[in-house]
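The structure under discussion appears below in the form of structure tokens.
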Amino acid sequence: MAFSDRKFLIPSYLYSTTSANSSKNLSTALDNHHANMDKNNFLIAAPKEGSGYKVEMYSPAFYAASTIGGILSCGLTHTAVTPLDLVKCNMQIDPAKFKSISSGFGILLKEQGIRGLFRGWAPTFLGYSAQGACKYGFYEYFKKYYSDLAGAENAVKYKTLIYLAGSASAEVIADVALCPFEAVKVRVQTQPGFARGLSDGLPKFVKAEGAAGLYKGIVPLWGRQIPYTMMKFASFETIVEQLYKHAIPTPKDQCSNTTQLGVSFAGGYLAGILCAVVSHPADNLVSFLNNAKGATVGDAVNKLGVWGLCTRGLPLRIFMIGTLTGAQWGIYDSFKVFVGLPTTGGAPPPAQK
């Protein structure tokens, strides 16, 4: 099956009537499209692409590639940092016992062994894969959609607002996909003996609190993730643009793939630091609410205090989110280059059709 045939990866309303027929081979479809292409459609190849494999911008294949790239970037990276996330969650829930990063790792190793450091990896992998698919796929869609609404001139003039609006819209959808997995993950990681993982943890959670309980944390999750994602995408796009403008002596379209992917990682790491600071209070709330049945936001504020909500576990989260975000952008853009797309950032928003 050709790459562009995989329509099940994205919603049907994203398909354009001008896209290549999904039953055809991708290369044949693109050749035919190129022959009939008018001035309003365009094809962008990854710089210095050696294979000649190209994907039409804003086509079904483009959104499918963004979706797959999002799955890889978020699912793999969040699963890899499960031990750090486990320590962070326990520091947030039981600071009297888990007083620092080093002591937290020591306690978990002593009580649960090496395997215990990866408790909750399954809901982490599935949840953040689903979130990544929606986050990146819909960001690319909404960025194009809002750019078209604004018009070519305003899309450039107000590009940061478009990045913010596009990422916020995408994250609302992404968190609906993530929330049930996040609820089970926190319970498994912070209540030893509750469950071994997702397979037994999910039915236990539903039996105890009902299916609606899986979405008890959706509002604080939105409170954490929407500002985080807005900062993640808007600051990344801005940082990358500034790096190409002031730090890289060669124009982006003349840079090697290696250089471009290095810029993606650096921009992602710096954006991740900002993300961690902005979203940390809500992150503490999510951990608190998912750990205690019947807990409220007021209970969290009374127990942790405003300062505690803003700072408890923050240094570890800055390190974790900075590394995570840098790696995510590196993986995402690597996949885009692999399928024949340019890396993200360093250019004006999409032109209006």
Side-chain angles (χ1 to χ4, degrees), residues 74-128 178 181-198 200-201 204-205 217 220-221 223-225 228 269 272-293 295 297 299-328:
C74 291
L76 295 177
T77 53
H78 277 278
T79 303
V81 298
T82 295
L84 286 173
D85 187 45
L86 182 62
V87 173
K88 173 189 71 69
C89 286
N90 279 281
M91 287 176 66
Q92 292 170 329
I93 297 303
D94 192 358
K97 180 178 180 180
F98 296 88
K99 298 179 180 179
S100 67
I101 297 171
S102 58
S103 67
F105 274 109
I107 291 169
L108 289 172
L109 281 170
K110 182 179 179 180
E111 294 181 351
Q112 302 175 28
I114 293 292
R115 286 187 64 184
L117 291 178
F118 285 90
R119 174 176 291 163
W121 73 267
T124 297
F125 175 72
L126 293 176
Y128 283 95
L178 170 64
F181 298 99
E182 182 76 358
V184 175
K185 176 187 78 73
V186 171
R187 190 67 61 88
V188 168
Q189 288 182 334
T190 60
Q191 292 188 9
F194 171 74
R196 294 186 305 275
L198 180 64
D200 59 335
K204 281 187 177 180
F205 194 106
L221 187 62
R224 179 187 81 184
Q225 290 297 132
Y228 166 88
Y269 199 99
I273 294 173
L274 299 175
C275 292
V277 174
V278 168
S279 63
H280 194 65
D283 184 62
N284 273 319
L285 278 178
V286 170
S287 295
F288 187 91
L289 294 176
N290 283 325
N291 182 66
K293 183 177 181 179
V297 173
D299 294 333
V301 174
N302 289 333
K303 183 172 181 179
L304 302 178
V306 175
W307 180 251
L309 282 173
C310 294
T311 61
R312 182 167 292 170
L314 181 58
L316 176 58
R317 192 156 184 267
I318 285 176
F319 172 74
M320 184 179 79
I321 297 300
T323 305
L324 197 72
T325 307
Q328 284 175 356

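Because the structure is a prediction, the values reported are computed rather than measured.
The nearest pair of heavy atoms linking Ala282 to Gly223 is CB-C, 3.5 Å. Of all non-hydrogen atoms in Val188 and Arg119, the two that sit nearest each other are O-CD, 2.9 Å. In terms of heavy-atom proximity, Phe125 sits nearest to Gly75 at CD1-O, 3.6 Å. When all heavy atoms of Gly272 and Thr325 are compared, the closest pair comes out as CA-OG1, 3.5 Å. A pairwise comparison of heavy atoms in Leu285 and Pro220 identifies CB-CB, 4.3 Å as the closest pair. Nearest heavy atom pair, residue Arg317 against residue Ser279, reads NH1-OG, 3.0 Å.
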Run the side-chain donor-acceptor check on residues 300-314: report pairs under 3.5 Å with partners two or more places apart or on a different chain.
unit_1: Asn302; atom_1: ND2; unit_2: Gly298; atom_2: O; d: 3.1
unit_1: Thr311; atom_1: OG1; unit_2: Trp307; atom_2: O; d: 2.7

Does the side-chain contact (heavy atoms from CB on, under 4.5 Å) test come out yes or no for Phe181 and Thr124, once each step is laid out? CA-CA 7 Å; Phe181 298 99; Thr124 297; over 6 Å; no

Please determine whether side-chain contact (heavy atoms from CB on, under 4.5 Å) holds for the pair Ile273 and Ile321, giving the CA-CA distance in whole Å, both sets of side-chain angles, and the decisive distance to 0.1 Å. CA-CA 7 Å; Ile273 294 173; Ile321 297 300; over 6 Å; no

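Judged by distance alone, with hydrogens and angles left aside, the side-chain atoms of Asp200 form a donor-acceptor pair with the main-chain N or O of Gly197 at under 3.5 Å. Checking side-chain atoms of Asn90 against main-chain N and O of Leu86 turns up a donor-acceptor pair under 3.5 Å.
In this structure, Gln191 CD and Cys89 SG are separated by 12.0 Å, a value rounded to the nearest 0.5 Å. Summarising the geometry, atom CD1 belonging to Ile318 is positioned 11.5 Å from atom OG1 belonging to Thr323; distances are rounded to the nearest 0.5 Å. Atom CZ in Arg115 sits 15.0 Å away from atom CG in Leu108 (nearest 0.5 Å). Atoms NZ and OG, on Lys97 and Ser103 in that order, are 11.0 Å from each other to the nearest 0.5 Å. Remark: Leu84 CG to Leu316 CG distance equals 5.5 Å, nearest 0.5 Å. To the nearest 0.5 Å, atom CE of residue Met320 and atom OG1 of residue Thr77 are 10.0 Å apart.
Sorted by first and then second residue, the ring pair (Phe, Tyr, Trp, His ring centres under 6.0 Å) pairs with a member in residues 77-109 read His78-Tyr128; sequence neighbours excluded.
The 12-atom threshold is not exceeded at NZ of Lys99, counting heavy atoms of other residues, nucleotides or ligands nearer than 6.0 Å.
Between Ile107 and Lys110 the shortest side-chain heavy-atom distance does not fall below 4.5 Å.
Partners of Gln189 under the side-chain hydrogen bond (donor to acceptor under 3.5 Å, both in side chains) rule, at least two apart in sequence or in another chain, are Lys185.
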